[in-house]
J.: 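Just passing along the structure, written as structure tokens.
Hydrogens, waters and symmetry mates play no part in the numbers below; they use all other heavy atoms, side chains included.
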Amino acid sequence: MAAAKTLRLGHTGALDHHYQKGSEMFKKLVEERSKGALLIQIYPSDQLGTQRELVEGAQLGTVDMVLTSDVLLSSFEPTLSVLTLPYLFQNIEQVAKVMDGPIGDELAANLEKKGLTVVGYWENGFRHVTNSKRPVVKPEDMKGLKIRTPKGPVFVDTFNAYGASATPMGFGEIYTALQLGVVDGEENPIAHILTQKFYEVQKYLSLTSHIHSVEPLLISTAVFKTLPADQQKLLKQAGKDTAVWVRKEVDRIEAAQMKQLEGKIAINKADMAAFEAASEPVYAKYESKFGSLIKRIKAAR
């Protein structure tokens with residue numbers, strides 16, 4: 001009998017984040033369905049390295065699997081930037097329709113050329129703004145605020161369009177930058193705001209839902225090709241099944257997470273129509289690059 005194959009999976013989430021819960025569900029499905037022939041070892045909280053280091057390692061074949069963001073992947077494969085456009089997605093149902101359909105397949109094919117095989121498109125949720133200065137209701141409330149963003153160009157252009165001063169930096173640097181006042185605020189899904197304890201160094205949470213974040217689970221293409229066809233198929237099916245589960249889980253736990261944040265940070269609803277209108281210059285800039293993809297994604301609403 002052949003020895004079991006162990007795949008190491010790294011991600012940036014805390015132990016109580018849904019990245020970890022999704023990884024545990026994926027591990028369960030893979031190990032049960034392979035009858036122990038495939039084992040998954042999970043390394044949360046950047047234990048194996050930063051997201052960028054893990055993606056680069058996966059390209060080289062020195063890292064097995066990484067759960068990472070569409071925005072980070074956009075610096076490896078530029079077509080992924082389309083997913084980070086503001087107010088492109090209206091709800092999780094549209095996300096599922098797009099990512100589990102032909103568009104998701106096309107983006108996966110592009111990543112494959114870069115040595116990265118998509119196992120499933122998992123979920124990070126819609127992003128919101130926190131800051132230490134004032135509630136943000138309309139885009140003009142962003143004027144003069146230094147907001148940490150990921151390093152993707154669409155994020156930077158979006159926050160600059162809102163009148164903020166976009167300040168790109170790595171995820172692991174956010175808490176200290178907020179604590180020291182290097183930046184006034186940041187933007188992330190509710191789960192990160194809670195589990196990374198950003199509320200300890202921020203006063204206001206404004207529910208903007210400005211950008212949705214897809215979280216692809218990747219396996220090194222070099223590693224994937226060493227596996228027999230039945231195990232390749234099993235991994236991809238488990239990745240897709242976990243994606244369905246994670247989307248429901250994020251939807252379910254966000255209400256509870258919001259309750260946990262009440263009393264820790266002042267929460268207000270933003271005028272999303274005003275923010276969507278303020279996003280028009282961003283679309284004007286990227287229309288020629290992603291025109292047909294934008295139309296197809298919006299048609300899935």
Side-chain angles (χ1 to χ4, degrees), residues 10-20 44-56 66-75 81 84 86 124-137 139-213 215 257-258 260-261 263-268 270 275 282:
H11 67 78
T12 197
L15 274 170
D16 53 350
H17 193 275
H18 58 258
Y19 291 175
Q20 179 68 10
S45 305
D46 291 333
Q47 286 174 24
L48 291 181
T50 65
Q51 292 180 79
R52 179 167 292 280
E53 288 166 349
L54 293 189
V55 172
E56 287 168 350
V66 54
L67 180 62
T68 190
S69 67
D70 49 11
V71 61
L72 184 130
L73 287 174
S74 68
S75 63
S81 285
T84 65
N124 199 1
F126 286 88
R127 303 173 79 96
H128 308 283
V129 175
T130 71
N131 83 95
S132 59
K133 303 289 186 189
R134 54 184 172 267
V136 170
V137 178
E140 43 265 43
D141 297 326
M142 300 281 287
K143 198 171 167 82
L145 292 179
K146 281 186 81 173
I147 302 289
R148 177 271 172 185
T149 68
K151 293 177 182 176
V154 176
F155 274 86
V156 172
D157 289 336
T158 298
F159 275 83
N160 287 341
Y162 296 159
S165 175
T167 309
M169 66 175 69
F171 185 77
E173 302 168 60
I174 300 174
Y175 188 97
T176 306
L178 295 171
Q179 191 175 37
L180 297 176
V182 175
V183 290
D184 301 310
E186 58 80 51
E187 53 75 62
N188 259 300
I190 294 298
H192 277 323
I193 293 165
L194 179 66
T195 62
Q196 297 294 325
K197 300 185 178 178
F198 295 148
Y199 57 81
E200 292 179 345
V201 285
Q202 296 279 265
K203 289 181 183 173
Y204 305 100
L205 164 58
S206 303
L207 303 175
T208 50
S209 298
H210 52 277
I211 290 172
H212 175 270
S213 289
E215 199 75 10
Q257 289 170 334
M258 284 291 293
Q260 285 178 263
L261 284 168
K264 292 184 171 76
I265 191 168
I267 303 170
N268 72 278
F275 272 97
V282 184

J.: Has the side chain of Thr167 got a donor or acceptor atom that lies under 3.5 Å from a matching backbone atom of Ser165?
T.: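 Judged by distance alone, yes, a pair lies under 3.5 Å.
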J.: Decide yes or no for Leu54 and Thr12: does some side-chain heavy atom of the first lie under 4.5 Å from some side-chain heavy atom of the second?
T.: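 When only atoms from C-beta onward are counted, Thr12 and Leu54 do not touch, as no gap falls below 4.5 Å.
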J.: Kindly say whether Ala191 contributes a backbone atom to a donor-acceptor pair with the side chain of His17 at under 3.5 angstrom?
T.: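 Between the backbone of Ala191 and the side chain of His17 there is no qualifying donor-acceptor contact (under 3.5 Å).
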J.: So do the side chains of Gln260 and Tyr199 get within less than 4.5 Å of each other, counting heavy atoms only?
T.: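 Contact flag for Gln260/Tyr199 side chains = no.
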J.: Taking the side chain as everything from C-beta on, heavy atoms only, tell me whether Ser69 gets closer than 4.5 Å to Gln51.
T.: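 Ser69 reaches Gln51 side chain to side chain.
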J.: With a 3.5 Å distance limit and no angle check, can you tell me whether Asn268 reaches the backbone of Val136 through a side-chain donor-acceptor pair?
T.: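 Yes, Asn268 side chain to Val136 backbone: donor-acceptor pair under 3.5 Å.
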J.: State, with a plain yes or no, whether a side-chain heavy atom of Arg148 is found less than 4.5 Å away from one of Phe198.
T.: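 The answer is no; the side chains never approach within 4.5 Å.
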J.: What verdict does the side-chain contact (heavy atoms from CB on, under 4.5 Å) test give for Val129 and Phe159, after you've listed the backbone C-alpha separation in whole Å, the side-chain angles of each residue and the deciding distance to 0.1 Å?
T.: CA-CA 10 Å; Val129 175; Phe159 275 83; 3.9 Å; yes
J.: Does either side chain, that of Ser132 or that of Asp184, offer a donor lying less than 3.5 Å from an acceptor on the other one?
T.: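 On atom types as modelled, these side chains do not qualify, holding no pair under 3.5 Å.
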J.: Using side-chain contact (heavy atoms from CB on, under 4.5 Å), reason through Thr149 and Val71 one step at a time and then give a plain yes or no.
T.: CA-CA 10 Å; Thr149 68; Val71 61; over 6 Å; no
J.: How far apart are the C-alpha atoms of Ile174 and Gln196, what are their side-chain angles, what is the distance that settles it, and do they pass the side-chain contact (heavy atoms from CB on, under 4.5 Å) test?
T.: CA-CA 9 Å; Ile174 300 174; Gln196 297 294 325; over 6 Å; no
J.: Yes or no on side-chain contact (heavy atoms from CB on, under 4.5 Å) for Arg52 and Phe171, after CA distance, side-chain angles and deciding distance?
T.: CA-CA 11 Å; Arg52 179 167 292 280; Phe171 185 77; over 6 Å; no
J.: Is the closest side-chain heavy-atom distance between His192 and Asn124 below 4.5 Å?
T.: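 Yes, their side chains come closer than 4.5 Å.
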J.: Any side-chain to backbone donor/acceptor pair from His128 onto Ser209? Under 3.5 Å, distance only.
T.: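 Looks like yes, one N/O pair under 3.5 Å.
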J.: Would you check if the side chain of Thr176 reaches a backbone N or O of Glu173 as a donor-acceptor pair within less than 3.5 Å?
T.: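 Such a contact is absent between Thr176 side chain and Glu173 backbone.
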J.: Do Arg127 side-chain atoms and Glu187 backbone N/O form a donor-acceptor pair below 3.5 Å?
T.: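 It does hold such a pair.
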J.: Quick one: does Glu215's side chain get under 4.5 Å of Pro189's, heavy atoms only?
T.: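 SC-SC contact between Glu215 and Pro189 ruled out.
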J.: So do Val183 and Met169 actually touch side chain to side chain, heavy atoms under 4.5 Å?
T.: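 The answer is yes; the side chains approach within 4.5 Å.
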J.: Would you say Thr84 and Phe155 make side-chain contact, with heavy atoms under 4.5 Å?
T.: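 Touching, per the 4.5 Å side-chain cut-off.
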